[in-house]
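Just so it is clear, the values below take in all heavy atoms, side chains as well, and ignore hydrogens, waters and symmetry mates.
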Amino acid sequence: MLRRFVRVLMQFFRRSALTPEALQVLEAYDRGVRSRLGPGHTHQVRMRDWELLQVLAAAASLPPAARILDTGSFNTYLGLHLHQKHPDVTVSDLLGLRAWKSFLRRLSLLPAKPTEIGYRTWVQAMRAHGLKVSNLDLRATGLPDGAFDGIISLSVIEHIPAVDQALAEMYRLLAPGGKLLITTDCSPEPRPYAHGVRYFTLAELKKLFAPYPVTSPRDQPDFAPENWCYGGHEAVVTAFVEITKPR
């Protein structure tokens, strides 16, 4: 049984956080990843800004020997960046589904995504640099307790129907002293799971994370239009949550 914590702490995106200094960090991230991928890689390597900044800052405290799992990571390159400091990095996703959709896109049976690299190309790039590539369903991974010292779930949990089950599974996989780093979406109005995605209200996020030892700074969402994500078409802001498992 997980200990229940009274305070739930989260950080929420504000446009003002994307300072010139923050943008320099992101540009350095891009350069570092591209230097590993080589000049033949023409796809963008970063699709998140503020979320990535939070994860990079929190992951900086993980020791070099930390075993890291980057979940839902197809078509992303955070694992490649982390591997420069941490030799033991696993990138995971529902790889069978990703491979099938990539195949259908090649046949023009699904709409093309200009930002999405081919499945085989992405897997080969990860393995070529020494990363482990794993097919994992976060609801039931089959891996042993404490398998990782750091787990990253960047914009993933809103796409999982049984989100409570997935969160409990990731916490089980976390070793004592390890960190679980999560970003997700928050909206003033609930958006139940449908068509592969949901938006959480603040109350839903508090309930979701209440059983866990959340260690990220306290904050409240600001739904001013300048903070809206996804093109600013609706009131959705991004939340960052850090969970640190007691030793």
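In this structure T19 satisfies the side chain to side chain donor-acceptor pair (under 3.5 Å) test together with E21, sequence neighbours excluded. The side chain to side chain donor-acceptor pair (under 3.5 Å) search around R15 returns none, not counting sequence neighbours.
Atom CG of N75 sits about 10.0 Å away from atom CG of D93, to the nearest 0.5 Å. Going from atom CZ of F200 over to atom NZ of K207 covers 12.0 Å, rounded to the nearest 0.5 Å. Between the CG atom in L180 and the NZ atom in K245 there is a gap of 10.0 Å [rounded to 0.5 Å]. With values rounded to the nearest 0.5 angstrom, L136 atom CG is found 8.0 Å from L95 atom CG. Atom CG in L110 sits 9.0 Å away from atom CH2 in W100 (nearest 0.5 Å).
Contacts classified as salt bridge (charged side-chain N to carboxylate O under 4.0 Å, His left out) and involving residues 176-199 (residues at least two apart or in different chains) are given here: K179-E242, R191-E234.
With respect to the salt-bridge test (charged N to carboxylate O, under 4.0 angstrom), the residues R105 and E116 qualify.
With no hydrogens or angles considered, no side-chain donor-acceptor pair links T183 and R48 at under 3.5 Å.
The aromatic rings of W122 and F74 lie perpendicular to each other, with more than 60° between the two planes, well past the 30° mark.
The side chain to side chain contact (heavy atoms under 4.5 Å, CB included) test with V241 is passed by exactly one of Q11, M10, Q54: M10.
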